[in-house]
Protein chains: 2
Amino acid sequence: MVSTIIKRELSRQLLLETGLKLFSEKGYEATSIRAIAKEACISLGLMYNYFTSKEDLLREIFLSGQYDIEASFATEQTSDSGITGIEQHILNTVALLKEKREFWRLLHSLRMQSTIYQEMKSPIDKQIAYIQKMIERNLLEIGFKNPSQEALLLFASLDGIASHFLMDKTYPIDKMANYLIQKYKNSSNYE
Amino acid sequence: MVSTIIKRELSRQLLLETGLKLFSEKGYEATSIRAIAKEACISLGLMYNYFTSKEDLLREIFLSGQYDIEASFATEQTSDSGITGIEQHILNTVALLKEKREFWRLLHSLRMQSTIYQEMKSPIDKQIAYIQKMIERNLLEIGFKNPSQEALLLFASLDGIASHFLMDKTYPIDKMANYLIQKYKNSSNYE
DNA sequence: AATTACTGAACGAACGTTCAATCAAAGTAT
DNA sequence: ATACTTTGATTGAACGTTCGTTCAGTAATT
């Protein structure tokens, strides 16, 4: 009985991973249940034992990905080594982008279209607002005169860098991160 | 005979506009030919007199949009008023985003997914590389030490700002543009 | 023996696409 | 001007395919 529960969870995880992989590659609409079943080496109907529909699978993939990211951002401020909060945030963002590449690709490809994404939008928006506030606090700490405007800019810059990295694996994301960090180290003197 | 040609071109334009509208709203895959025909108040089959397939319609929409944008960026350097090339570029980008919002939404929603977009990618990449070079030249002019790296950052920042504006009409894009411009005016002294 | 995991044929709906038929407009002959 | 002809624009029923989803049946596990 116990191993059944474990096995069930394993099958569920396999479907979540395979779904994420194909959704992020080809897009949600262009990926069929048949393609997911084939990729995961299971039968066509099995998905419906774990998820009520294709949309439900997407929802659960989102939920699972969000949980990981939330956890990562939550522990961000704990580390109090010599580096600033901004530096920590930038490095953390880059690490997350690399680690959860498929999830971010899915997010970036879905967020522009209204119908499917709109119902999953609200928790993500909350998370974004939270990150925004965190950046603002960190910018205020290093003496920025206009932290809310600068936070908006930094957020957009990081988002743009993320987009380019998600579209092109060879994008020099580490160089960009270091360049950004350097900028904020230098600018802390005169802003 | 002449009016027939004009009529044909008008019908074609109507389909291009309606297709762009729906593709940018709901996404390419999620938009059916039937939906386009209904929105344009024409019959189901008429699209196939002007375009060979749904994909061909998308291709032509892209081509048409690209042409407009190319034209706008090409005339960018001509204006030699008191403002710098960077300022001109930022203002021009914002103006284009507002004017061709639907096209940019379509581009941003398609560029992450491989299959459909990949064949239209090459001309767009060329255009991006050209803009990148232009930014670099402008950055060099105002005395940046590392123009190619800075151009990569400015490009990402503008792309991020664009994404946020495309997702949210109330995004303060003008404020962001002015803030960016101010940054580059001030930083020209010590970079 | 009982419970759960899994299969894949089958279903209705929706899709992109085709095409014979209809309509509107322009050209030509009377 | 009027009638006939020709041409191209437009229609929507119909076709084959694929989609998401269901479910009776089979295999595996307890």
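Proteins come first, then strands; the chains are lettered A, B, ... in the order of their sequence lines, and each starts at number 1.
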query: With respect to the side chain of B:L44, which nucleotide from C:dT17, D:dT10, D:dG20 is positioned closest?
result: C:dT17
query: Rounded to whole angstrom units, what separation is found between the CE atom of B:M47 and the C1' atom of D:dA9?
result: 16 Å
field: D:dT22 phosphate, OP1 or OP2, under 4.0 Å from A:Y48 side-chain N/O
entry: no
query: Do B:K26 and A:Q113 touch side chain to side chain, with heavy atoms closer than 4.5 Å?
result: no
field: Under-4.0 Å side-chain N/O to phosphate OP1/OP2 contact, A:S11 with C:dC6
entry: yes
- prompt: What pair of heavy atoms forms the shortest contact from B:E136 to B:A151, and how long is it?
  reply: CG-CB, 3.7 Å
query: Taking the side chain as C-beta and beyond, is there a heavy-atom pair between B:L96 and B:D68 under 4.5 Å?
result: no
query: Could you state the NZ-P distance from B:K54 to C:dA14, rounded to the nearest angstrom?
result: 15 Å
query: Rounded to whole angstroms, how far apart are CZ on A:R12 and P on C:dA5?
result: 13 Å
Whole-Å distance separating the CZ atom of A:F51 from the P atom of D:dG20: 15 Å
message: Between P on D:dG20 and CZ on A:R59, what's the gap in Å once rounded to a whole number?
response: 15 Å
- prompt: Any idea which of C:dG16, D:dC19, D:dG12 is nearest the A:S32 side chain?
  reply: D:dC19
query: Between B:Y28 and B:Y117, is the gap from one ring center to the other below 6.0 Å?
result: no
message: What is the distance, to the nearest angstrom, from the CD1 atom on B:I42 to the P atom on C:dC23?
response: 19 Å
field: Euclidean distance, atom CG of residue A:L46 to atom P of D:dG25 [Å, nearest integer]
entry: 19 Å
- prompt: B:R34 CZ to D:dA13 C1': how many Å, rounded?
  reply: 11 Å
message: OP1 or OP2 of D:dA9 versus the side-chain N and O atoms of B:R8: is any pair under 4.0 Å?
response: yes
- request: Answer with base, sugar-phosphate or nothing: what part of the nucleic acid does A:Y50 contact at a heavy-atom distance below 4.0 Å?
  value: sugar-phosphate
Close side-chain approach of A:L97 and A:I161, heavy atoms under 4.5 Å: no
